[in-house]
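Quick notes on the structure that follows.
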Number of protein chains: 2
Amino acid sequence: MRAIRAQMRSTAAKELSVVQFRTLAFLDRNRGASLSDVKDHIGLTLPSVSKLVQGLITRGFLHREEDPNDRRRNALAATAKGRKVLEAARAVTRQSLAERLAGLDDEALALVLEAMHALRPIFLTHNGKGKES
Amino acid sequence: MRAIRAQMRSTAAKELSVVQFRTLAFLDRNRGASLSDVKDHIGLTLPSVSKLVQGLITRGFLHREEDPNDRRRNALAATAKGRKVLEAARAVTRQSLAERLAGLDDEALALVLEAMHALRPIFLTHNGKGKES
DNA sequence: GGAAATGGTTTCACTTTCTAACTATCTAGT
DNA sequence: ACTAGATAGTTAGAAAGTGAAACCATTTCC
């Protein structure tokens, strides 16, 4: 607990925007992904993710090298520092969620869990950013 | 159904941002609320809300007059057009939600309803925008 | 081998938001 | 009743996020 707090303050976990968080998380799960991969996952344009990723690299959260198979592509990955920040950010939201959910008794909690389980497949499909209505 | 579609296209429901939607919804529920009331509910600064509301007034979705009791305050309210746009926007999300939920059988649906009921009081408290951690 | 497609970056404009500074009105304390 | 301070809102200016257009480098396909 205290360790997490310390981490949060020290590691400049301060101010990870939602998009930044999602990007970092995605690249933690998918080492070596390219900018376009990020673009497809996050749903921004290529220029935007370009800047976004540049920022995360500057801050030392990400690491970029050339893809050996395709020299146009970037091979992106989270750095150790990046993973630390990511975990810190997760800890914060977990904490906050836990505090909220603490108000539920066991039965209610089980209910919620079941419901989430039922909803999960329904909302897993990607939105798709269709340009027309 | 077709009526709603028509409404959506006609009324320039196109492009209501989330903040705009929330503002409009709030002022539909709370006629005569002031800019500061909106600010407290939406969680933006006063200048931001000022411009936000100005935009909605310009588009004819909101209506402003002077509060008779306090001449500093605005008394804001949704116009008929604003309510129409609001309802159209709601219809869109309802539609989308309905499509998703259509995949659930009655039992699962009941489960989800119960869970939401349990969660509701937990998440009703306002976030609060605390400046420090 | 050259045309077309793909991956990224840069530039420019637009929008949203904030802070700071200001005006107008109201409230309280003397 | 006056004035000091609080409250409501606006304006101006700066910073951040995003997208479209133009561009370069590399790869793929006929």
Side-chain angles (χ1 to χ4, degrees), chain A residues 12 14-27 30-59 61-77 89 127-133, chain B residues 12 14-27 30-59 61-77 89 127-133:
Chain A
K14 11 197 167 191
E15 327 284 278
L16 254 200
S17 80
V18 174
V19 201
Q20 288 167 344
F21 175 87
R22 290 216 298 144
T23 301
L24 202 44
F26 174 75
L27 288 172
N30 306 74
R31 314 251 167 124
S34 71
L35 271 193
S36 296
D37 294 335
V38 175
K39 174 204 87 169
D40 291 338
H41 181 76
I42 304 291
L44 293 180
T45 61
L46 213 35
S48 297
V49 289
S50 178
K51 271 205 215 145
L52 174 60
V53 164
Q54 265 174 27
L56 292 173
I57 290 173
T58 300
R59 292 215 261 164
F61 299 161
L62 288 182
H63 161 262
R64 154 161 40 199
E65 50 183 83
E66 203 176 58
D67 184 324
N69 302 325
D70 186 338
R71 277 160 46 215
R72 291 170 303 180
R73 299 174 82 98
N74 288 338
L76 303 165
N127 281 353
K129 291 286 142 196
K131 188 148 299 192
E132 47 88 40
S133 80
Chain B
K14 12 198 167 191
E15 326 286 276
L16 253 201
S17 81
V18 175
V19 199
Q20 288 167 345
F21 175 86
R22 291 217 296 146
T23 302
L24 201 45
F26 175 75
L27 288 172
N30 305 75
R31 314 253 167 123
S34 71
L35 271 193
S36 297
D37 294 335
V38 174
K39 174 205 88 170
D40 291 338
H41 181 75
I42 303 289
L44 293 180
T45 61
L46 211 37
S48 299
V49 190
S50 179
K51 272 209 211 138
L52 174 60
V53 164
Q54 265 174 27
L56 291 174
I57 291 173
T58 300
R59 293 216 259 163
F61 299 161
L62 288 180
H63 161 262
R64 153 160 42 197
E65 50 184 83
E66 203 176 60
D67 184 324
N69 302 326
D70 186 340
R71 277 161 46 217
R72 293 170 303 179
R73 299 176 82 99
N74 288 337
L76 303 166
N127 282 352
K129 291 286 137 192
K131 188 149 300 191
E132 47 88 42
S133 78

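So you know, we letter chains A, B, ... as the sequences are listed, proteins then strands, and number each from 1.
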Whole-Å distance separating the CG atom of B/Leu52 from the P atom of C/dT17
7 Å

Would you jot down, in residue-number order, the residues of residues 18-26 of chain B having a non-hydrogen atom under 4.0 Å from DNA chain C?
B/Val19

Should A/Arg73 and A/Asp70 count as side-chain neighbours, where that means a heavy-atom distance under 4.5 Å?
yes

Base versus backbone protein contacts along nucleotides 5-13 of chain D [heavy-atom cut-off under 4.0 Å; B, S, -]:
-BBSBBB-B

Using OP1 and OP2 only, check whether a side-chain N or O of B/Ser48 sits under 4.0 Å from C/dT16.
no

Quick one: list whatever passes side-chain contact (heavy atoms from CB on, under 4.5 Å) with A/Arg64, sequence neighbours left out.
A/Gln54, A/Ile57, A/Asn74, A/Leu76

About how many Å separate OG of A/Ser36 and NE2 of A/His41, when rounded to the nearest 0.5 Å?
14.5 Å

For B/Ala33, check side-chain contact (heavy atoms from CB on, under 4.5 Å) against everything at least two apart and list the hits.
B/Phe26, B/Leu27, B/Asn30, B/Asp37

Nearest-0.5 Å distance that lies between atom OG in B/Ser34 and atom CG in B/Asp40:
8.0 Å

Who passes salt bridge (charged side-chain N to carboxylate O under 4.0 Å, His left out) against B/Arg71, sequence neighbours left out?
none

Separation between CZ of B/Arg59 and CD of B/Gln20, rounded to the nearest 0.5 Å:
5.0 Å

Whole-Å distance between C/dT6 C1' and A/Arg71 CZ?
15 Å

Name each donor-acceptor pair under 3.5 Å that joins a side chain in residues 42-53 of chain B to protein atoms two or more places apart or in another chain, with its distance.
residue	atom	partner	partner atom	Å
B/Thr45	OG1	B/Ser48	OG	3.1

On DNA chain D, more 5' by nearest nucleotide between A/Asn69 and A/Thr45 is A/Thr45

Taking for A/Leu44 and for A/Glu66 the nucleotide of DNA chain D with the nearest heavy atom, the one nearer the 5' end belongs to A/Leu44

